[in-house]
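Here is the structure we will look at.
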Number of protein chains: 2
Amino acid sequence: MKKAAELFHTKGYTATTMRELAQVVGLEASSLYSHIKSKEELLIHLCFTNAKKFSDGIEEAEKQDSSVCEKIEFLLNQQIKIALEDGTSVTVFDDEWKHLSEPYLSSFLQIRKDYQRRFLKIITHGIEKKELIDISPSIIMNTLISSIRWVHLKPELLKQTGMQDLSKDISQIILTGIKK
Amino acid sequence: MKKAAELFHTKGYTATTMRELAQVVGLEASSLYSHIKSKEELLIHLCFTNAKKFSDGIEEAEKQDSSVCEKIEFLLNQQIKIALEDGTSVTVFDDEWKHLSEPYLSSFLQIRKDYQRRFLKIITHGIEKKELIDISPSIIMNTLISSIRWVHLKPELLKQTGMQDLSKDISQIILTGIKK
DNA sequence: GTCTATAACTTGATAGAC
DNA sequence: GTCTATCAAGTTATAGAC
């Protein structure tokens with residue numbers, strides 16, 4: 001599974017063949033089918049495992065008895081942590097979900113939509129409480145989510161900077177920019 | 001070419017077949033080869049056309065006799081403009097370049113590396129002049145570049161907000177976060 | 001569980017008539 | 001330039017021996 005994520009990450013899902021995947025785990029392609037049902041099963045697992053991590057994160061943020069800024073900082077931290085712990089998996093989640101077939105595709109999009117809806121709600125609440133600047137919540141959310149979508153591609157920065165500091169620096173940039 | 005970008009954008013380069021591409025332009029697959037030499041030729045064109053736009057942008061920023069913050073704001077604006085004018089093309093540039101074969105792959109990566117080197121130089125200069133906060137230039141640059149990597153996926157926001165305002169809002173968030 | 005062999009199909013690209 | 005027909009290679013997945 002981890003090897004699959006690495007290949008999907010570097011080559012993309014469609015461009016990765018079962019033969020290649022078999023080779024990196026030291027088997028013939030046909031032998032893989034004793035362990036998995038299909039190639040797509042791997043993609044499904046990777047996409048939904050990450051979707052769950054993100055959903056769990058936002059649920060935890062919602063429960064917290066804290067300011068909106070603290071909630072957002074928590075979410076940023078948590079997502080940076082996920083990206084650094086399993087970067088290849090995050091790539092698949094970010095970029096390769098589109099190759100899911102139905103009904104998995106619709107299900108995945110539904111989960112993602114729900115996540116964004118809840119994130120938007122937190123931001124909107126922050127604007128109402130005048131914790132955040134009065135900019136379109138949608139613009140703020142997309143900028144927030146995107147701004148950390150490079151961390152998983154730079155594992156070498158983690159070693160230089162350390163996760164705690166990296167997370168703190170990014171949070172500082174983004175939070176300063178949206179605080180009122 | 002525009003139709004190719006759209007398909008590569010929605011399905012990905014590998015998952016897009018010549019037969020599909022032919023269908024959307026109302027031809028048979030074989031007829032495409034009277035117009036192009038190969039499937040990869042399309043990918044090459046899309047990747048390098050966008051690479052040139054970005055390189056031209058940074059060259060212009062370097063020439064400007066302005067503060068570092070103004071240069072960065074110019075770059076953000078310019079990249080948002082590119083993303084809104086031709087979103088599907090930007091997706092290919094961002095995500096599908098990895099399917100380039102040699103020597104195009106190396107050439108593309110070289111151009112991108114050069115772009116980032118020059119962007120880093122501007123940021124480093126800004127930190128030295130105490131225009132920007134003292135955070136790792138690499139973290140600042142990656143956060144900057146990533147933070148707008150969603151604009152091309154939301155053309156509907158353009159109609160609501162207008163490019164000028166959208167660009168101004170995003171710049172405000174990011175620039176406030178890195179200004180000293 | 002792993003292998004070899006292969007089925008069933010899709011891929012990018014070409015040949016040659018019109 | 002566009003078509004039909006086709007090729008050679010590569011794809012996921014299965015069958016059946018060990």
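Chain letters run A, B, ... following the sequence lines, proteins first and then strands; every chain starts at 1.
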Indicate, with a heavy-atom threshold strictly under 4.0 Å, whether A:Thr17 touches base, sugar-phosphate, or nothing.
-> sugar-phosphate

Quick one: on DNA chain D, does A:Ser31 or B:Ser31 contact a more 5' nucleotide (nearest heavy atom)?
-> B:Ser31

May I ask you to check if B:Lys3 and B:Phe8 form a cation-pi contact, with NZ or CZ under 6.0 angstrom from the six-membered ring centre and within 45° of the axis?
-> no

With no hydrogens and no angle check, is any side-chain donor or acceptor of A:His99 less than 3.5 Å from a backbone partner on A:Gly12?
-> no

Starting from P on D:dT2, measure out to CD1 on B:Ile36 and report it in whole angstrom.
-> 12 Å

How close or far is atom P of C:dT10 from atom CD of B:Glu20, stated in whole angstroms?
-> 12 Å

C:dG12 base / B:Arg19 side chain donor-acceptor hit below 3.5 Å | yes

Rounded to the nearest angstrom, tell me the gap between atom CD in A:Gln23 and atom P in C:dC3.
-> 12 Å

Axial cation check for B:Phe108 ring with B:Lys113, 6.0 Å and 45° limits | no

Could you state the CD-C1' distance from A:Glu40 to D:dT11, rounded to the nearest angstrom?
-> 15 Å

d(CG, A:Leu27; P, C:dG1) in whole Å = 11 Å

Taking the six-membered ring of A:Trp97, is NZ or CZ of A:Arg112 closer than 6.0 Å to its centre and within 45° of its axis?
-> yes

Pick base, sugar-phosphate or nothing for A:Thr14, based on heavy-atom distances below 4.0 Å to the nucleic acid.
-> nothing

Answer with yes or no whether A:Ser30 presents, from its side chain, a donor or acceptor under 3.5 Å of a partner atom in the base of C:dT4.
-> yes

So does A:Ser34 get a side-chain nitrogen or oxygen closer than 4.0 Å to the phosphate oxygens (OP1/OP2) of C:dT2?
-> no

In whole angstroms, how far is the C1' atom of C:dC3 from the CG atom of A:Leu32?
-> 12 Å

From the list B:Thr91, B:Thr88, B:Thr16, side-chain hydrogen bond (donor to acceptor under 3.5 Å, both in side chains) with B:His9 holds only for B:Thr91

Figure out the CG/P separation between B:Leu43 and C:dG12, and round it to whole Å.
-> 13 Å

Between B:Tyr33 (OH) and D:dT4 (C1'), how many Å, whole number?
-> 16 Å

